[in-house]
Amino acid sequence: MATESNPAPPPLSSALPPPRMSVGAAGWIRANLFSTWLSGLLTVTSGAVLVLALWYGLDWVLLDAEWTVVTTLGGQFIIGSYNSEQACPGQNCFWRPQAALLLVTLLLGMGWGVAAGGLAKRIALIAAIAIALLAFLPYSLDKMGLDVRLLLIANLPALLAGWALARYTALGTARWIVILSVAVFLITLVLLRGVPGVPGLQPVLVQNWGGLTLNLVLAVAGIVLSLPIGIALALGRRSNLPVVKSLCVTFIEVFRGVPLITLLFMSQHLLPLAFPQNFPVNPLFRAAVVITLFSAAYMAENIRGGLQALHPGQAEAARALGLPGWQTTLLISLPQAIRNVIPAIVGQFIGLFKDTSLVYIIGMVDIVRVGYRFVSGNTQYLDNAPEVFIFISLVFWVFTYGMSYVSRHIERQLGVGER
Amino acid sequence: MNRYLKYMAGAVLLVIALAAMACQQDAEPPAQSTAPTAAITAPTEPAAMTAEATAMPADSESTSMTNQGDSRLASVMSRGTLICASNDSLAGFGFADASGNITGFDIDLCRAVAAAVLGDADAVEYRPTTASERGPTMQSGEVDIMSRNTTWTSSRNATWGNFAPTMFYDGQGFMVPKNLGVSGMMELGGSSVCVQQGTTTELNLQDFIAQNDLDIEVVVFPDNVATNAAYTSGQCDALTTDRSGLVSTRAGFASPDDHTILAGTISEEPLGPVVPHGDEQWFDLVSAVMSMLIYAEAYGITSSSVPTAVTGDTAIDRLFGLEGSYGQEDMGLSMTAAQDVIRAVGNYGEIYDRHLTPLDLQREGSRNALWANAPCTDCPKGGQVYAAPLR
Amino acid sequence: MTELARILTYQGIPVWRHTRVIQWAAQILSAIVVVALVAWFFANVANAVQERGISYSFSFLSREYHTPIGDTFVPYEPSDTYLYAFGVAALNTLVVAVAGVILATLLGIFIGVIRLSGNWLVSRLALAYIEFFRNVPLLVQLLFWFFIMLVLPPERDGYVIAGQLYVNNAGVSFPWPTGTGQPIATLIWLILAVVAIIAGFVVSRRLSRREVETGRTSYPVLLGCAAAVAIGALGWLLVNAFAGDAPLAISTPEPQGRFARIDGGFTARAGMIVLLIGLVMYTASFIAEIVRAGIQSVGRGQTEASRALGLSQLNTLRQVTFPQALRVIIPPWISQCLNLTKNSSLGLAIGFTELTSVAQTMTQLAPPIPIFIMLMAAYLAMSLTWSLIGNLYNRRIRFS
């Protein structure tokens with residue numbers, strides 16, 4: 001390589017050390033915080049804001065805030081009035097959501113056993129350990145009984161059982177996990193609803209489901225149902241059949257163009273009129289339908305975006321290979337389109353989960369309403385509303401951040417945007 | 001891929017089917033334990049069979065008067081629960097306690113109706129309803145009764161439903177911080193006033209401003225948490241709502257003595273339960289239950305002294321179904337319904353003492369004492385609480 | 001059998017296998033099903049409405065509304081009609097939507113850009129901002145801001161900045177131009193002012209085109225503004241000379257009476273401020289991510305090439321990266337605008353009298369069904385307008 005015109009590089013030992021300001025901590029600070037005067041100014045200002053915010057924030061959280069309202073409501077935040085004397089007379093019904101939680105942990109364990117990556121393991125472990133740690137909350141034993149605590153701790157063995165099940169039995173495939181997830185969701189519904197005549201499983205009206213469980217049930221139902229409906233609507237909108245297309249466009253635009261609040265009002269006022277006077281359209285079902293349809297309209301637009309971004313060559317090639325139209329759509333176009341818009345779909349799921357907090361409008365008591373009605377109706381807590389809302393924000397944040405974390409991971413694994 | 005899609009489609013169908021099933025369950029009576037104890041002339045078809053019931057107009061067993069062929073009473077009976085639109089966030093009247101039970105004065109009125117109809121005061125299904133949602137909720141006909149601190153007005157009577165006897169007399173007042181030095185309602189000109197949306201208070205305030213030509217800025221909030229927070233932080237100079245609300249709110253303040261409730265009221269607020277239009281039998285029944293509560297107090301009968309054998313006092317014997325009748329058969333009540341009611345929730349005075357006395361709402365000398373010459377010896381008298389005599 | 005098969009063919013193909021026939025049959029079938037469902041629904045509703053004596057007439061619209069509306073941008077008296085009150089409320093929603101979109105877009109672009117900055121601390125803060133505000137329900141955020149707002153001192157001992165700006169927990173009041181009792185002079189000047197702005201715009205367009213064509217620095221923005229101000233000022237002087245009075249006066253806020261309530265100027269009331277802050281902070285976190293994705297979608301070579309040509313970092317962003325990123329940014333941005341408009345309906349939770357809130361109050365004394373039909377129509381109109389703007393703009397940048 002070296003020719004006569006290019007003098008040989010000086011031997012390494014005689015090279016000058018790098019400038020002191022470009023390596024080590026000082027170097028990092030210089031490069032990342034003070035690279036230009038503008039950057040330095042930004043660092044100083046934002047640093048000052050951060051310190052001030054932390055100072056006042058911590059001062060309030062630790063000294064001024066009155067957190068007893070949050071601890072008083074403990075179980076209600078999770079399940080609303082479900083375990084109250086009115087909803088579940090003469091029994092302790094709290095084990096039912098807890099049992100459902102155990103099943104979910106079992107599934108998480110199976111996911112960990114099946115998945116190759118570290119993500120499933122991380123999520124499963126963090127979730128199970130966090131749940132088990134709840135057993136050590138400093139409540140007195142009559143407020144939070146031993147059975148409740150043991151069932152919480154049981155999540156750890158459940159996780160391991162799930163892992164073992166996936167590793168050492170035939171159940172350890174993705175297909176089985178999908179089937180079992182559906183089964184667990186249905187079992188959860190049955191557990192919460194109860195079965196008439198079965199001791200220990202006395203029916204609890206869905207009106208009494210509440211708290212975070214209600215948000216989760218609505219969100220899961222909405223997510224599972226809005227995806228297929230959204231796909232159907234998206235395909236309908238792109239179809240060249242004029243009637244189908246215009247029906248789909250109308251549906252999408254109407255549901256997307258109106259606030260969810262308004263749709264919920266309509267379901268409250270108009271829907272009962274459409275059914276016979278005594279036909280019970282229970283509020284949970286009503287809320288789930290409205291949220292699902294609202295979300296499906298958005299989902300349709302996301303998926304349509306994915307389909308539009310797809311190169312027409314894909315479909316043409318499939319047709320050229322002799323695949324019929326529906327197979328081209330289902331096997332070639334849709335999988336690629338969905339893969340392209342995973343971030344948008346997960347974003348929609350997050351939105352759906354957050355939107356479940358609006359069901360208070362039709363008289364459902366979700367986690368937000370649990371806090372709100374309590375501070376409102378018990379005047380000694382009237383001043384503690386901010387504490388309640390900060391706590392609820394944290395709960396929501398944990399779930400939604402978890403969802404977006406998973407989405408980013410999947411995105412990276414599929415290599416979206418890297419082609 | 002094809003196979004997976006099939007599985008997915010199958011799963012989705014399954015979910016839909018089961019969700020539908022889960023929702024149908026409500027149509028069945030939830031449990032046999034809440035089966036009616038009262039002997040009532042009601043059809044035995046479950047409510048979900050409305051279509052069939054309508055198809056058979058000659059439903060001979062039914063005492064219904066509605067053209068739908070299915071009376072409210074019958075559907076409550078077959079459902080096994082009473083659907084009660086309630087408040088879940090107003091101290092004293094209807095609110096959720098720390099364990100999630102809905103309690104309060106208005107709630108006990110629903111419980112009384114459930115005890116009368118179903119023999120079980122706990123067989124109530126509560127529908128938390130916001131102030132501005134309650135009109136449409138009543139019109140939709142979905143609830144059997146609404147007991148939710150609702151003011152009886154003529155227009156509501158015309159559009160929402162029938163109002164049973166007034167169970168609480170209230171009037172709208174104002175509260176101001178003491179340090180503002182306001183001594184009367186007429187001095188509020190130039191102030192801003194917080195008021196809750198979707199209530200008669202909002203309309204009354206408007207009338208008050210217009211009548212007295214005061215320059216008041218109205219600040220509207222959707223619920224009492226926001227309204228009270230805005231008032232205590234000084235966002236508005238005065239708070240207006242029913243006086244009972246003012247008293248109970250003030251009791252919850254850290255320093256109640258810093259606030260004055262101004263003398264006088266600007267409106268009449270008779271509060272009572274409402275039932276949907278279109279079923280007179282049901283309306284009569286609910287009204288009778290309210291009468292039971294009031295007359296039980298007037299006759300000095302409490303939840304612990306309900307007679308089960310003839311006492312010799314004809315009025316008491318008639319009330320408790322031991323001798324004579326006040327029209328139970330025509331309303332579809334069992335003869336001894338009052339026994340169940342009073343045993344379960346107590347008389348009017350007991351309900352009041354249980355929920356409203358702790359909020360500093362004095363009954364003695366107020367309009368909520370029994371009428372002046374009520375027969376009881378040692379109950380608060382001289383007020384307006386009165387209802388149709390049970391005979 | 002063969003006879004039957006022969007009859008049941010179309011263009012030589014059995015009908016049950018002819019795509020065209022199947023498609024049309026399916027379409028007609030689905031249309032029938034949908035129409036039947038809709039008809040069943042409305043027949044039942046109409047039946048119930050009649051049976052239960054629920055009014056569904058729109059005649060209430062001409063009745064007097066008689067209820068206060070907290071925030072108004074146009075004069076409103078309680079003796080005005082329902083229809084007018086509905087319009088007042090719709091205007092409230094519209095103002096919040098437009099102001100919210102502008103502010104959220106600015107904040108979103110700012111956060112999105114600093115999210116990509118080389119400054120570690122700033123970029124992390126931007127990330128923290130996005131991850132927090134995106135992941136908490138707006139309803140909870142609004143309630144949170146509502147209580148933060150109440151921490152400010154009350155009106156009677158609020159902050160006064162420079163004697164002009166009043167900040168307190170009832171709102172923010174600042175000086176605002178008002179007419180001077182000569183509506184025609186005011187109107188003439190307002191028309192002149194619009195002309196001035198258009199002229200300034202035209203000047204700046206011309207100059208910037210010259211700059212691009214000739215390469216000479218022409219200060220398009222500066223000169224455009226100068227032109228607008230000059231024409232506006234000239235118009236002011238002329239109107240002043242002819243009418244004998246200035247076309248507009250400045251009204252300043254002033255505490256009045258024993259309650260020290262602030263009068264005059266313009267007061268942005270607490271409900272509106274809270275709703276705007278909540279909507280802007282929430283939507284900006286989404287727009288920031290959209291902006292980031294848009295900027296990242298522009299090839300790295302573009303940035304490198306423009307830096308190699310000597311453009312500064314800011315100029316690279318402004319003139320090279322951002323215009324290209326717009327193509328990716330606009331469609332999701334439009335749907336955020338739509339979301340913001342719809343989310344303004346949560347104003348009812350914190351005491352801002354927007355459309356949904358007023359409509360709900362109206363259902364107290366008027367039939368709910370017509371009100372909700374109007375409500376849905378109003379939101380649909382706003383949403384479709386956003387979609388229309390988006391589609392038009394999208395088409396323009398796609399083919400330019």
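Interface residue C:W40: only side-chain heavy atoms are found under 4.5 Å from chain A. Within the 4.5 angstrom heavy-atom criterion, only side-chain atoms of C:F147, from C-beta onward, approach chain A. Contacts between A:V254 and chain C at a heavy-atom distance below 4.5 Å involve backbone atoms as well as side-chain atoms. For a residue to count as touching a neighbouring chain, one of its non-hydrogen atoms must lie under 4.5 Å from one of that chain's; by this rule C:F132 touches chain A with backbone and side chain alike. When heavy atoms are compared at a cutoff of 4.5 Å, A:V244 approaches chain C by way of both its backbone and its side chain. Of the atoms belonging to A:L50, it is side-chain heavy atoms, and not backbone ones, that fall under 4.5 Å from chain C. Within the 4.5 angstrom heavy-atom criterion, atoms from both the backbone and the side chain of A:L42 approach chain C. For A:I350, the part lying under 4.5 angstrom from a heavy atom of chain C is the side chain only. Residue contact with chain A, scored on non-hydrogen atoms closer than 4.5 Å, is absent for C:I28. In this structure, no portion of A:S246 lies under 4.5 Å from any heavy atom of chain C. Within the 4.5 angstrom heavy-atom criterion, no atom of A:F353 approaches chain C. A:L394 does not touch chain C: none of its heavy atoms, backbone or side chain, sits under 4.5 Å away. Of the two parts of A:Y405, neither the backbone nor the side chain holds a non-hydrogen atom closer than 4.5 Å to a non-hydrogen atom of chain C. A:F399 does not touch chain C: none of its heavy atoms, backbone or side chain, sits under 4.5 Å away. Heavy atoms closer than 4.5 Å to chain C are found nowhere in A:L38, neither backbone nor side chain.
Interface with chain A: from residues 134-142 of chain C, residues C:R134, C:N135, C:V136, C:P137, C:L139, C:V140 qualify, criterion being any non-hydrogen pair under 4.5 Å.
For chain A, the option among C:I114, C:L143, C:V122 with the highest count of heavy-atom pairs below 4.5 Å is C:L143. Counting heavy-atom pairs under 4.5 Å between each of C:N339, C:N47, C:I148, C:T341 and chain A puts C:N339 at the top. Between chain A and the options C:L348, C:V34, C:L121, the largest number of non-hydrogen pairs under 4.5 Å is found for C:L121.
When only modelled atom types and interatomic distance are considered, C:S335 and A:Y298 share no side-chain donor-acceptor pair under 3.5 Å. Side chains of A:S357 and A:D366: a donor-acceptor N/O pair is absent below 3.5 angstrom, by distance only.
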